[in-house]
Amino acid sequence: MFAPDLFGEGRHAMPLRPGAMLLGGFAAPDAPALLEDLRRVEARAPFRNMVTPGGWPMSVAMTNCGSVGWVTDRTGYRYDPLDPQTGEPWPAMPETFRRLAGRAAEVAGYRGFEPDSCLMNRYEPGSRLSLHQDRNELDFDAPIVSVSLGLPATFLWGGATRADRPMRIRLFHGDVVVWGGPARLTFHGVDTLSGGESPAGERRYNLTFRVAR
Ligand code: MD3
Ligand code: FE
């Protein structure tokens, strides 16, 4: 069903578990253009450490592009059409982002993926993301496409409940994962990032494309 040689030398499409497809290095050729557009987005909507409803600032810095963006503050989690820090709409989703997400979804078997939101995460050495589910979106039938850039990270992938011991998967610069079907509501997180050099400097970015509304 999957074609390991689909996108050339040394790159692999690998089903992780039903519903989740790892496209190793799929975004690597586009990484310079993606990073350039990321800079344009962050110039208008800077990365910031949002506060959880419990009052703790997250170690991962976040921003968004698209017609709505994921935010958290003392009042809870939500998708908001405005950046609460600037009062302005989030920057439009760059064409490079949209095209890459659409192509990745298609390879994984999802035609016509039209994300309205891209959450952009920035990890520095020491940053981590604790186990959670993504359930603020209205449509759980649409997949989430995630793109890793920069330093490698250990992705933690649990099961349907928080108690399921997570599987550990290394994600590298240019890796793309498409999460849909039975994988869409699984618990997941990212282990503490280690230091090092990468095409994006001493940090990791993750772009997650979502159909939020
Ligand atoms: C599995 N981001 O932004 S990407 C997030 O690397 C998030 O920054 C992580 O979890 C990161 O919410 C992980 C992989 C990912 C994203 C969304 C998922 C895996 C997922 C949604 C459902 C199941
Ligand atoms: Fe998540």
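A quick note: this is a predicted structure, and the numbers were derived from the prediction, not measured. For reference, positions follow the sequence shown, starting with 1. Read the numbers this way: they start at 1 and go in the same order the structure lists the ligands and their atoms.
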*State, yes or no, whether a side-chain contact exists between H188 and S146 at a heavy-atom distance under 4.5 Å.*
no
*Measure the shortest side-chain to side-chain distance between F97 and L34 over non-hydrogen atoms and say whether it is less than 4.5 angstrom.*
yes
*Closer than 4.0 angstrom: is that true for some heavy atom of Y123 and an atom of ligand 1?*
yes
_Restricting to N, O or S atoms, which atom of D134 is closest to the Fe ion (ligand 2)?_
OD1
*Do H132 and D134 have side-chain heavy atoms sitting under 4.5 Å apart?*
yes
*asked:* So if I count the atoms of ligand 1 from 1 in the order they appear, which ones are less than 4.0 Å from some heavy atom of V190?
replied: 6 (O), 9 (C), 11 (C)
*Could you see which bit of R204 sits under 4.0 Å from ligand 1, with heavy atoms only: side chain, backbone, both or neither?*
side chain
*Decide yes or no for D30 and T96: does some side-chain heavy atom of the first lie under 4.5 Å from some side-chain heavy atom of the second?*
no
*Please, which pairs that meet ring-ring contact (aromatic ring centres under 6.0 Å, His included) have at least one residue in residues 167-186, sequence neighbours excluded?*
F155-W179, W157-W179
*Does L119 have a non-hydrogen atom less than 4.0 Å from ligand 1?*
yes
_Qualifying residue for side chain to side chain contact (heavy atoms under 4.5 Å, CB included) with F209, from I144, V176, V147_ = V147
*Can you tell me the protein heavy atom closest to atom 4 (S) of ligand 1 and the distance?*
N206 OD1, 3.4 Å
*Got an N/O contact under 3.5 Å between R210 and ligand 1?*
yes
*asked:* Check contact between Q133 and ligand 1, using heavy atoms of the residue and a distance below 4.0 angstrom.
replied: no
*Closest protein heavy atom to atom 22 (C) of ligand 1, given as residue, atom name and distance to 0.1 Å*: R184 O, 3.0 Å
*Which is closest to atom 15 (C) of ligand 1 by heavy-atom distance: W179, W157, Y205, F140?*
W179
*What protein heavy atom sits nearest atom 7 (C) of ligand 1, and how far away is it?*
L129 CD2, 3.6 Å
*Which pair of heavy atoms, one from N206 and one from S148, lies closest together, and at what distance?*
ND2-OG, 3.4 Å
*asked:* In this structure, does ligand 1 have an atom that sits under 4.0 Å from one of the heavy atoms of R135?
replied: no
_Validation row: P94, R40 side chains within 4.5 angstrom (heavy atoms)_ = no
*Does L22 reach the side chain of L171, with side-chain heavy atoms less than 4.5 Å apart?*
yes
_If I compare all heavy atoms of P91 with all of A45, which pair ends up nearest, and what's the gap?_
CD-CB, 3.7 Å
*Close N or O approach (N121, ligand 1; < 3.5 Å)*: yes
*Nearest protein heavy-atom contact for atom 13 (C) of ligand 1: which residue, which atom, what distance?*
F155 CE1, 3.6 Å
*Does ligand 1 have an atom that lies less than 4.0 angstrom from a heavy atom of H132?*
yes
*Identity and separation of the nearest protein heavy atom to atom 23 (C) of ligand 1*: A183 O, 3.3 Å
*What is the name of the N/O/S atom in H132 that sits closest to the Fe ion (ligand 2)?*
NE2
_Quick check: do R48 and Q85 have side-chain heavy atoms less than 4.5 Å from each other?_
yes
*pair D73-M50: side-chain heavy atoms closer than 4.5 Å*: no
*Are any of the N or O atoms of S146 closer than 3.5 Å to those of ligand 1?*
no
*Give the minimum heavy-atom separation between F140 and R184, together with the two atoms involved.*
O-CG, 3.5 Å
*asked:* Quick check on contacts: which atoms of ligand 1 are under 4.0 angstrom from a heavy atom of I144?
replied: 17 (C), 21 (C)
*Tell me, which protein residue and heavy-atom name are nearest atom 16 (C) of ligand 1, and how many Å apart are they?*
T208 CG2, 3.8 Å
*Around atom 21 (C) of ligand 1, find the nearest protein heavy atom and jot down its residue, atom name and distance.*
H188 CE1, 3.4 Å
